[in-house]
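In what follows, a structure is listed as structure tokens, so that the remarks can point back to it.
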Amino acid sequence: EEEIAVYAPNTPVYCADMDVLASIAGFPIHRGCLALVERPALRPVADLVESAMSAGVPSRILVLEGLTNHDNVGAAFRNAMAFGSDAIVLCPRCCDPLYRKAIRTSLGGSLRVPFARAEHWPEDLDQLESAGYRLVALDPNGKENLRGSAACPEDRLAVIVGTEGPGLSEAVRKRAHLDVRIEMARGIDSVNVATAAAIALHHFGPGQGRGS
């Protein structure tokens with residue numbers, strides 16, 4: 001309670017038995033804590049990009065295409081937070097990062113890393129390119145080995161990942177400035193998409209990652 005009071009002094013805090021908490025949530029909860037918050041309005045991609053640019057350089061944006069699993073979306077947010085990404089852009093088909101399972105998997109990353117959901121896909125990627133971001137497509141069939149690719153410290157990069165198996169759509173890959181893959185051991189075609197995003201974000205180095 002003392003920690004909550006420090007960060008949100010005007011937030012009411014109630015204590016209750018687990019049975020009461022479970023009845024409020026509608027399912028058995030495990031962590032013993034519930035929060036009721038107001039969902040913010042959807043943020044336009046242009047506004048998100050402008051905010052990310054204001055953080056300075058280098059700047060890193062993670063872009064998610066077609067992630068329909070809440071665990072994967074949450075894990076992607078956790079990795080973006082860990083490696084200092086300035087923002088995340090989701091395609092229209094991606095899961096809601098504010099769904100309870102995604103928030104839990106993200107370790108709070110979906111509450112810290114700014115994000116926007118694209119309305120026009122993949123056309124909204126043009127907004128990132130116009131803002132000076134180089135688009136990096138990360139796909140199992142990428143033309144270039146990630147290990148051999150490099151980015152200058154002053155670069156603004158948008159790392160784009162897609163679903164396991166099919167990978168990124170051809171329309172996205174055609175827009176990319178870099179089309180890269182992660183080399184696998186023989187007989188293995190891919191890793192979990194959140195793991196792939198973490199490898200790429202680590203390889204290219206962090207952005208400012210200030211969150212807002």
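Here the structure is a predicted model, which means the values were calculated and not measured.
- Rounded to the nearest 0.5 angstrom, Q208 CD and S54 OG are separated by 10.0 Å.
- Atom CD of residue E65 and atom CG of residue L90 lie 11.5 Å apart, to the nearest 0.5 angstrom.
- Exactly one of D155, V159, V49 qualifies for a side chain to side chain contact (heavy atoms under 4.5 Å, CB included) with Y133. That residue is V49.
- Here E183 pairs with N145, R181 under the side-chain contact (heavy atoms from CB on, under 4.5 Å) rule; sequence neighbours left out.
- A donor-acceptor pair under 3.5 Å links the side-chain atoms of D124 to the main chain of E119, judged by distance alone.
- One finds the CZ atom of R43 at 5.0 Å from the CG atom of L48 (value rounded to the nearest 0.5 Å).
- There is a path of hydrophobic side-chain contacts, each under 4.5 Å, that joins V191 to F77.
- Considering every non-hydrogen atom in both A76 and A194, the closest pair reads N-CB, 3.9 Å.
- M81 has its side chain out of reach of S106: every pair of non-hydrogen atoms, C-beta onward, lies at least 4.5 Å apart.
- Within the 3.5 Å criterion, the main-chain N or O of C94 finds a donor-acceptor partner in the side chain of R117.
- Under the 4.5 Å side-chain heavy-atom criterion for grouping Ile, Leu, Val, Met, Phe, Trp and Tyr, V193 is connected to I188 within one hydrophobic cluster.
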Practice prompt. Take C95 and K101 through the test side-chain contact (heavy atoms from CB on, under 4.5 Å) and record every step on the way to the result.
Written response: CA-CA 10 Å; C95 290; K101 192 174 185 183; over 6 Å; no
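- Looking at I61 and V89, their side chains come closer than 4.5 Å, going by heavy atoms from C-beta outward.
- Closest of all the heavy-atom pairs between L138 and A200 is CD2-CB, 3.7 Å.
- Going from atom CD1 of I182 over to atom CG of D139 covers 10.5 Å, rounded to the nearest 0.5 Å.
- Tested against L168, the residues I160, N141, T163 include a single side chain to side chain contact (heavy atoms under 4.5 Å, CB included) partner, I160.
- Within 6.0 Å of atom CZ in F27, more than 12 heavy atoms from other residues, nucleotides or ligands are found, so the atom counts as buried in its surroundings.
- No single ILVMFWY cluster, assembled from side-chain heavy atoms under 4.5 Å apart, contains both V172 and V161.
- Considering every non-hydrogen atom in both P97 and A102, the closest pair reads O-CB, 3.6 Å.
- Linking ILVMFWY side-chain heavy atoms closer than 4.5 Å, directly or via other members, places I88 and I103 in a single hydrophobic cluster.
- For the pair R78/T105, no side-chain contact is recorded, criterion being any heavy-atom separation below 4.5 Å from C-beta on.
- In this structure, the side-chain contact (heavy atoms from CB on, under 4.5 Å) partners of A16, at least two apart in sequence or on a different chain, are V20, L21.
- Between the N69 side chain and the D71 main chain, a donor and an acceptor come within less than 3.5 Å of each other.
- The aromatic rings of H202 and F83 stand perpendicular to each other, their planes meeting at an angle above 60°, with 30° marking the opposite boundary.
- M184 contributes atom CE, which lies 6.0 Å from atom OG of S190 (distance to the nearest 0.5 angstrom).
- Of all non-hydrogen atoms in P122 and A171, the two that sit nearest each other are CG-CB, 3.9 Å.
- Atoms CG and CG, from L62 and L157 in turn, are 12.0 Å apart once rounded to the nearest 0.5 Å.
- Formation of a donor-acceptor pair under 3.5 Å by the H70 side chain with backbone atoms of Y99 is not found in this model.
- Residues D96 and R39 are in side-chain contact: their nearest non-hydrogen atoms beyond the backbone lie under 4.5 Å apart.
- By the side-chain contact (heavy atoms from CB on, under 4.5 Å) test, E123 pairs with H120, R175, sequence neighbours left out.
- Taking 4.5 Å as the limit, every side-chain heavy atom of L178 sits out of range of all side-chain heavy atoms of L135.
- Judged by distance alone, with hydrogens and angles left aside, the side-chain atoms of S130 form no donor-acceptor pair with the main-chain N or O of Q127 at under 3.5 Å.
- Counting all heavy atoms, side chain and backbone alike, W121 lies closest to P92 at CB-CD, 3.5 Å.
- Contact annotation: the side chain of L111 approaches that of L98 to within less than 4.5 Å [non-hydrogen atoms, C-beta and beyond].
- Between D179 and the choices K174, K143, R173, the side chain to side chain donor-acceptor pair (under 3.5 Å) rule is met once, by R173.
- At least one side-chain heavy atom of L128 sits under 4.5 Å from a side-chain heavy atom of V63.
- R134 forms no cation-pi arrangement with F204, by the criterion of a distance under 6.0 Å to the ring centre and an angle within 45° of the ring axis.
- You'll find the side chain of P140 stays beyond 4.5 Å of the side chain of D189, heavy atoms only.
- Side-chain heavy atoms closer than 4.5 Å link hydrophobic residues (I, L, V, M, F, W, Y) into clusters, and following such links, even through other members, never connects L64 to V45.
- Among all heavy-atom pairs drawn from S59 and G56, the shortest one is CB-O, 3.6 Å.
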